[in-house]
Amino acid sequence: MVTFPAGAPATHEPLPPAVLQDAAATFGMLAATARLQIVWLLSGGERDVGTLAEEVGQTVAAVSQHLAKLKLAGLVRARREGRRQVYLVDDPHVVEIVNLIVSHHGEPRTSRRHA
């Protein structure tokens with residue numbers, strides 16, 4: 001894992017290929033709008049697949065497939081609550097990334113500077 005000391009500027013050295021592959025895979029998982037919405041909702045609290053399907057506006061089957069991919073990627077996990085599975089985000093760093101990008105894009109487009 002690449003870490004930067006608190007307050008220190010990030011260096012711009014080449015990253016190891018494994019770090020790049022893992023980062024790209026995480027961004028790839030979040031590139032699908034439905035999966036991004038699911039992670040966003042789960043970052044606010046646990047939900048079952050039926051609730052997520054209703055909130056995302058997709059079928060239970062479709063949301064289940066997205067959850068399976070997110071689970072395989074290690075981004076979400078499930079726990080049993082009686083007869084139902086309850087899903088939650090398994091990586092606090094992913095919650096941070098999603099919150100940052102959503103708040104960034106939540107700003108009006110005219111107020112953002114483009115390079």
Side-chain angles (χ1 to χ4, degrees):
M1 181 157 116
V2 178
T3 58
F4 302 105
T11 61
H12 294 281
E13 303 280 325
L15 292 169
V19 171
L20 290 169
Q21 289 171 347
D22 289 347
T26 298
F27 282 117
M29 276 290 119
L30 298 174
T33 55
R35 287 194 295 268
L36 181 60
Q37 178 75 293
I38 289 167
V39 173
W40 169 256
L41 291 168
L42 291 176
S43 70
E46 301 175 346
R47 288 171 167 78
D48 64 21
V49 68
T51 301
L52 284 168
E54 187 177 306
E55 291 177 325
V56 173
Q58 293 195 359
T59 65
V60 168
V63 171
S64 290
Q65 287 180 352
H66 287 301
L67 286 166
K69 289 179 182 182
L70 290 166
K71 198 171 167 186
L72 273 173
L75 302 181
V76 302
R77 67 182 169 93
R79 65 176 183 77
R80 188 151 296 284
E81 194 175 86
R83 291 178 44 157
R84 65 187 190 126
Q85 293 266 40
V86 177
Y87 292 86
L88 58 146
V89 177
D90 199 29
D91 187 339
H93 294 107
V94 171
V95 171
E96 209 174 315
I97 291 166
V98 169
N99 286 337
L100 282 170
I101 199 67
V102 168
S103 67
H104 172 73
H105 287 284
E107 300 172 13
R109 290 189 184 269
T110 55
S111 70
R112 276 194 258 142
R113 284 195 275 166
H114 296 282

Using residues 14-34 as the side-chain source, report each donor-acceptor pair under 3.5 Å to any protein atom, sequence neighbours left out, with the distance given to one decimal.
unit_1, atom_1, unit_2, atom_2, d
T26, OG1, D22, O, 3.2

Tell me which donor-acceptor pairs under 3.5 Å the side chains of residues 50-61 have, and how far apart each pair is, sequence neighbours excluded?
unit_1, atom_1, unit_2, atom_2, d
T51, OG1, D48, OD1, 2.7
E55, OE1, R47, NE, 2.6
E55, OE2, R47, NE, 3.4
T59, OG1, A62, N, 3.0

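Residues W40 and N99 come closest through the heavy atom pair CZ3-OD1, 3.2 Å. In plain terms, the two heavy atoms of E81 and R79 that are nearest each other are OE2-NH2, 3.0 Å.
V39 pairs in a side chain to side chain contact (heavy atoms under 4.5 Å, CB included) with only one of the listed residues (V95, V98, I97), which is V98.
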* To do: Apply side-chain contact (heavy atoms from CB on, under 4.5 Å) to the pair L67 and V49, showing each step before the final yes or no.
  => CA-CA 8 Å; L67 286 166; V49 68; 3.8 Å; yes
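Taken from NZ in K69 to CZ in R35, the straight-line distance is 5.0 Å, to the nearest 0.5 Å. Atoms CG and CG, on L70 and L36 in that order, are 10.0 Å from each other to the nearest 0.5 Å.
For the salt bridge (Lys or Arg N to Asp or Glu O under 4.0 Å) condition, the pairs that include at least one residue of residues 90-100, sequence neighbours left out, are R77-D90.
Follow the hydrophobic side-chain contacts under 4.5 Å out from L42 and you reach V102 in the same cluster.
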